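In what follows, every chain begins at residue 1, and chains take the letters A, B, ... in the order their sequences are listed. What you see is a predicted model; the values in this text were computed from it and never measured.
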Amino acid sequence: MKKRRLLASLLLMILLASTVALSGCSGDKENSSSSITIGIPQDIEDSLDPHDMLAAGTKEIFFNVYEGLYKADSDGNLVPAVASDVEIAEDGLTYTFTVREGVKFHNGNLVTAEDVKYSVEKFADIEGGAPSVAAFSNIESVEVTEDGKVAIKLAQPDSDFLTMLSTIEAAVIPADNADPDSNAIGTGPYKYVSRSPLENVKMERFDEYWGEAAHIEKVTFKICSNADTIAMELNGGSIDMFSRLTTAQMAELDMEKYNVLEGNMNLVQALYLNNDFEPFSDIRVRQALCYAVNRQEVLDFVSDGNGTIIGTSMIPAFGKYYDESLAELYPYDVNKAKELLAEAGYEDGFTFTITVPSNYQQHVDTAQVIAEQLKDINVTAEIQLVDWNTWLSETYTNRNYEATVIGVDAPQLTATAFLDRFVSTAGDNFVNYANADYDVAFANAMATTDEAQKVVYFKECETYLAEDAANVYIQDLPEFTALNKKYAGYEFYPMYVMDVSKIYIVETSGE
Amino acid sequence: MKKTNTNKNFIIGLCMVSAVIVFALAGLVFTPFDPEEMDTASKLAAPSLKHLFGCDNFGRDILSRVQQGTRMTMLIGLSSTAIGAVIGTVLGAVMGYFGGLLDEFLMRIIDVLFAIPSILLALIFISLFGTGTFNVILALGFAIVPSFAKMVRTEFMKQREMDYVQAARLMGAGKARILFVHILPNVLPTLLNCILISLNNAVLAEAGMSFLGIGVQPPQASLGRMLSEAQGYLQTAPFCTIFPGIVMIIMLLGFGLMSEGGGMGHAFRRKSKD
């Protein structure tokens, strides 16, 4: 009996020892072979067909798999990808692309002009029917020219057309892929390997990539849907990277192990004012609010001083269209604010309601800070929390509100996407901004094909928004990405993508 | 022996609740800081002599906010229970005493309402009429009505055949007089207990609603609102959650002990011994 017990305990000890030893081994192995595990907050969509992708979270990671004729770089510039070059006809209606030589699909075949033609026809739904991206209904025809180029004809000139072609919905995929829904074949730096629903998505480096090859060989996207355990997973080492952490999650991070990279969310966060609502219909009142809000203090409270103060409806990441000086148009000045209010006949202040969707903590927090600051100019801001759907229908669609705090983003990487909503007749002009000069400047920007001229007009639009104090612009919220110190090289983009190909392993001595 | 025990419970409960009430009411006269004043320098400051309970993520003094929040939570609990008790008692009395078709009709409605959890009823009310302190009070008040009505109705049905009621009727007393002067005092123990339990539920429901963001609106403090705002800092600044939590526990435990020890405690016991 005693012997047996001894034997059992001996066996147990061996088992334990070997487990420890083995797990140690596997740890070493992982260090030497190049792999990374990245946490993502939700599972990907069912369909892997890039032309049908809807969820931002899916497009974000398939940015590594699919490429279009053009592609955006981390500064927001368009660079040729599957195409090596484009010729745009004088009338802006015909785009002739030269297919880059030697670009291979993940199945090993070379990309031909026929593949490009097939892809364009597919995502533009040329055979009638509505394409998933409305802008593509502008494509009239696509032909392979005699010298092997691809010519796309538009119905109307569209200066944002190249930008649209750089989105994942315009990816080039092989014509002979019978099942693009489940068989993801693209030309990107990574190829799709497998997925395990609600668990992970696996990708592998594509060694025959036409451009600069990725550094890390194996990438696993692990689905971490529970926001409360993400910091724990990072600290425990089950994931190496996670994007869009909150400041509270960051506070729990083990800073010995992680680098926290700060980027921007590419949102225009503001106290959006219903310009039709009395007293916001008076420009002096709107300007007074701009002077009375201490934006640096908002940043200090809401995101520990991170984030970028902005002064108009354009994000800083959008370099060439962004006018930095507008951020300083209304420095914090309570006396000036009071004077303006007195001029407008509100020396005793007034009361209004800020409607905020309750699911966005950062906007709720911002509203609270603003409400507190406005007390200094005798303005009482009452806060009303509503759920997201109510906000969408009542505030955004029906414009039945007085003021709201929200972050407005752009669906595409174009200045148009940020500015078109402030045209007085725009359907999504939810702040009811109306300025005839703005409408003219915007129309001019749309009409011109000269890029430099366009920039001038767009900046004019931004200046109108700032000078009219259309809204109390606050900030582009910071976005934090935690990356294990073993890795480096991650770059932020001015749009919703996660580029894994630039991440590399830092050579560490010791350990 | 047992009787003293139950009384002890009642007294301990009463002490706890009184302590919380005194703490909250003191806030009317004096709070160490303005509960809504923000201060960047003391963001998430740990408890110290200056800020006894520490500061929240806006640098607001938690002690002052707990005082304000407790007052708000109690105000909501008491007012909504009052609304529920008055309407519920009148309805229950009429139904129980008169019976008949009216009773049948109202009872079916109450049965339906009873099948829906009261927090859900309150949620429906809020989504129809909007958020805000006043609406929360109304919502919770109406959500409490069915349970009161049902309880009081049963009591009145039992009492209406009693000799003293028959006697009063023979004396020619008016119906309202019989209902509220003769019968009501005899139902009081049940009613008191019901009120205490409702207070408990209302306080919890308010906290739950504010936690979900549909109750008290910021920057107003309430215990639930504070817990909800502090949840992101549970690991890094636990004092943001602990102090409002402690006050809420004392209050709930107090109401619970009172209802267990007082009023119906004896009535129930007597009945079960029969």
Side-chain angles (χ1 to χ4, degrees), chain A residues 227-232 235 245-255 294 296-305 353-376 380-391 393-394 400-401 405, chain B residues 33-46 55-61 64-65 68 123-124 126-136 208-222 224-241:
Chain A
D228 298 327
T229 61
I230 282 161
M232 267 188 268
N235 288 339
L245 289 168
T246 63
T247 41
Q249 283 169 333
M250 273 202 344
E252 293 173 38
L253 266 191
D254 178 359
M255 289 301 171
N294 181 347
Q296 187 55 49
E297 198 181 73
V298 175
L299 265 58
D300 288 345
F301 279 125
V302 177
S303 38
D304 284 331
T353 305
I354 307 179
T355 311
V356 195
S358 57
N359 53 328
Y360 287 106
Q361 192 59 44
Q362 66 270 49
H363 299 322
V364 176
D365 287 351
T366 304
Q368 290 201 59
V369 179
I370 291 177
E372 182 66 20
Q373 289 173 351
L374 291 183
K375 282 183 186 167
D376 290 344
T380 311
E382 281 163 1
I383 297 171
Q384 187 193 20
L385 300 185
V386 294
D387 65 282
W388 178 236
N389 286 324
T390 312
W391 188 90
S393 62
E394 277 303 300
N400 190 4
Y401 73 105
V405 175
Chain B
F33 291 87
D34 175 352
E36 283 171 22
E37 192 188 293
M38 299 180 178
D39 177 14
T40 345
S42 47
K43 188 176 176 185
L44 292 175
C55 290
D56 70 2
N57 56 327
F58 291 111
R60 298 177 294 199
D61 181 57
S64 315
R65 282 184 76 72
Q68 194 200 28
L123 285 181
I124 294 168
I126 289 290
S127 58
L128 284 179
F129 297 100
T131 51
T133 310
F134 186 66
N135 281 352
V136 171
M209 286 166 77
S210 296
F211 188 84
L212 293 175
I214 52 169
V216 174
Q217 299 294 296
Q220 272 280 14
S222 87
R225 181 84 225 140
M226 290 184 74
L227 288 176
S228 149
E229 279 176 0
Q231 62 177 326
Y233 305 93
L234 201 57
Q235 300 219 359
T236 45
F239 46 87
C240 294
T241 338

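For chain A, the option among Thr236(B), Leu44(B), Ile126(B) with the highest count of heavy-atom pairs below 4.5 Å is Thr236(B). Between chain A and the options Pro218(B), Ser127(B), Gly132(B), the largest number of non-hydrogen pairs under 4.5 Å is found for Pro218(B).
With contacts defined as side-chain heavy-atom distances shorter than 4.5 Å, the pair Phe301(A)/Asn57(B) does not qualify. In this structure, the side chains of Glu36(B) and Lys375(A) come closer than 4.5 Å at one or more pairs of heavy atoms. When side chains are defined from C-beta on, Glu229(B) does not count as touching Val364(A), because their heavy atoms never get closer than 4.5 Å.
Interface residue Glu372(A): only side-chain heavy atoms are found under 4.5 Å from chain B. Within the 4.5 angstrom heavy-atom criterion, atoms from both the backbone and the side chain of Gln368(A) approach chain B. Heavy atoms closer than 4.5 Å to chain B are found nowhere in Ala371(A), neither backbone nor side chain. With a 4.5 Å cut-off on non-hydrogen atoms, Asp39(B) touches chain A through its backbone but not through its side chain. Neither the backbone nor the side chain of Asp387(A) has a heavy atom closer than 4.5 Å to any heavy atom of chain B.
No side-chain donor-acceptor contact under 3.5 Å links Gln384(A) to the backbone of Gln217(B).
Between Asp304(A) and Lys43(B), the closest heavy-atom pair is OD1-NZ, 2.7 Å.
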